[in-house]
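Values below: every heavy atom of this structure, side chains too, minus hydrogens, waters and symmetry copies. Below, chains carry the letters A, B, ... as their sequence lines are ordered, and counting in each starts from 1.
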Number of protein chains: 2
Amino acid sequence: MSVGNGYSPPTEERPAVAVDVVIFSLFENDLHVLLIKRKTPPFQGLWAIPGGFMNLDESLDEAAARKLAEETGVTEVYTEQLYTFGSVARDPRSRVVSVAYFALVPFSSISHQPGEFEEATAWHSLKTLPQLAFDHSEILEYALQRLRYKLEYTAVGFQLLPDQFTLSQLQRAYEIVLDEKLDKRNFRRKILAAGVIEETGRRTSEGEGRPAMLYRYKDDSVTEVKTRRLFP
Amino acid sequence: MSVGNGYSPPTEERPAVAVDVVIFSLFENDLHVLLIKRKTPPFQGLWAIPGGFMNLDESLDEAAARKLAEETGVTEVYTEQLYTFGSVARDPRSRVVSVAYFALVPFSSISHQPGEFEEATAWHSLKTLPQLAFDHSEILEYALQRLRYKLEYTAVGFQLLPDQFTLSQLQRAYEIVLDEKLDKRNFRRKILAAGVIEETGRRTSEGEGRPAMLYRYKDDSVTEVKTRRLFP
DNA sequence: ACAAAAGTGTTGAGAGTACACCCATGC
DNA sequence: GCATGGGTGTACTCTCAACACTTTTGT
């Protein structure tokens, strides 16, 4: 039944609204993204960014969080709305407007380890991406660009690491995502000067070499944007 | 009739998708935004950002451009998607997801001058904003923040000026939007070093004082992002 | 003792900022 | 000739980038 109320369009003339969540994680010295293999046409057999339709009783942000939890079992991680994709023919079956999000999940917090549950879900290195369904290559490209950009002038890098981490781990995270080598002394000076992390007082106990100080980020400063770029 | 195809939600369970366009222009030494007075409940009598529902045969960008043309008669101006607002109760009548855009229009190109056609449409200075309907205050706040941010590290400032402009006009535009005074010599040096504008060879002929060189922006560099902030 | 990773300062270059006077035109 | 806005250069400060050795631990 049509629900036209004289102000909003009758329901037959409404597009479907989906959320797609680009889920990044860092492991094996590489940035990875979670993809799902499509079992049905169109684009059968191609990989796609996890997503689904928004329910009427949830906000967009809630829909994104729900999708993220469904795919990774993770809640309370850094999530940010990316862009809304609304070309007419982006889904060949019907009109779908898709609100894309990206999420940064520490690998240690993921309950679905690679290939553990559904065979059709897998982490892919950004260096060896398969062909993607729909306009998902474009979405992923956009997400990666945004992630790099964010890292350059904010301190979201923490969000890819466990609660406590060493400065070397953090530097490695930045190097992997930005795909460039950073100077150790300059990195430490800058990240400490930014005032967004603090010593825990504890040190790493295992591993080779000298034990390293463990840091944590200060909760209040996580999303705070720095006035100057950290890594221009 | 419901259109459930087994893959996307039946139409009764789809939100309406709207686009709202925050239209900025610069005149009378002030930044202004175009607002529309609501004639019907809810929020009757309050001002709102121009917007409307997307049609199924147009993309989101096209819907935004259409809205912009309807309100100002202007096409081909700088338009950028801002954010998508999707709280459950943002519209008390029904579920509406709104994709917000912002546009920069040179005042000289506007065919609807203030109050010329519909009484219910008017330009408002950002210094004296009325109460707004729905979550439009939030949208406007977000748009202004984004505009300022863009001006700080790109050269979109031109988009608020006519095709040809003087450096003083451009500086005034930046000063108004950023709401701070800039040094004349430093401004000129930076904006010229950025290489995004060029002399036309012509000079202003009317007005008091010494005639000023007219500049235009180089088309290809309009949207190009500078690596360094222009005005940090 | 040696391998492996952690930690630590200084110097030079370039960018950013502050600042004041002369120039061309209209009235 | 004076009022109005246009146009120009320099010195100082500070941030950024480059660079190498010592320390602590495990084996």
Pairs involving residues 164-173 of chain A, ordered by first then second residue, that meet side chain to side chain donor-acceptor pair (under 3.5 Å) (sequence neighbours left out) = A:S168-A:R188, A:Q171-A:E175
If the plane angle is over 60° it's perpendicular, under 30° parallel, otherwise tilted; pick one for B:H136 and B:F134.
-> tilted
Residues forming a side-chain hydrogen bond (donor to acceptor under 3.5 Å, both in side chains) with [X], sequence neighbours excluded:
X: B:S125; value: B:D30
X: A:E198; value: A:R216
X: A:S25; value: none
X: A:D163; value: none

Residue pairs meeting salt bridge (Lys or Arg N to Asp or Glu O under 4.0 Å), one or both in residues 132-149 of chain A, sequence neighbours left out, come to A:E80-A:R146, A:R90-A:D135
Hey, is the side chain of A:S168 poking within less than 4.0 Å of OP1 or OP2 on C:dA6, counting only N and O atoms?
-> yes
When the distance from [atom1] of [X] to [atom2] of [N] is rounded to whole Å, what number comes out?
X: B:K181; N: C:dA18; atom1: NZ; atom2: P; value: 13 Å
X: B:L170; N: D:dG7; atom1: CG; atom2: C1'; value: 15 Å
X: A:E206; N: C:dA4; atom1: CD; atom2: P; value: 18 Å
X: A:R188; N: C:dA6; atom1: CZ; atom2: P; value: 7 Å
X: B:L192; N: D:dG9; atom1: CG; atom2: C1'; value: 15 Å
X: A:L214; N: C:dA5; atom1: CG; atom2: C1'; value: 14 Å
X: A:M213; N: C:dT8; atom1: CE; atom2: C1'; value: 14 Å
X: B:Q169; N: D:dG6; atom1: CD; atom2: P; value: 9 Å

Quantified as the angle between the terminal helix axes (five pairs each), what is the overall bend of the helix from C:dA1-D:dT27 to C:dC27-D:dG1 to 10 degrees?
-> 0°
With sequence neighbours excluded, what pairs up with B:F24 under the ring-ring contact (aromatic ring centres under 6.0 Å, His included) test?
-> none
Where along nucleotides 18-27 of chain D does protein come under 4.0 Å, by heavy atom, of base (B) or sugar-phosphate alone (S), with - for untouched nucleotides?
-> BBB--BBB--
Hey, what do you get for CG (A:D20) to CG (A:L82), rounding to the nearest 0.5 Å?
-> 10.5 Å
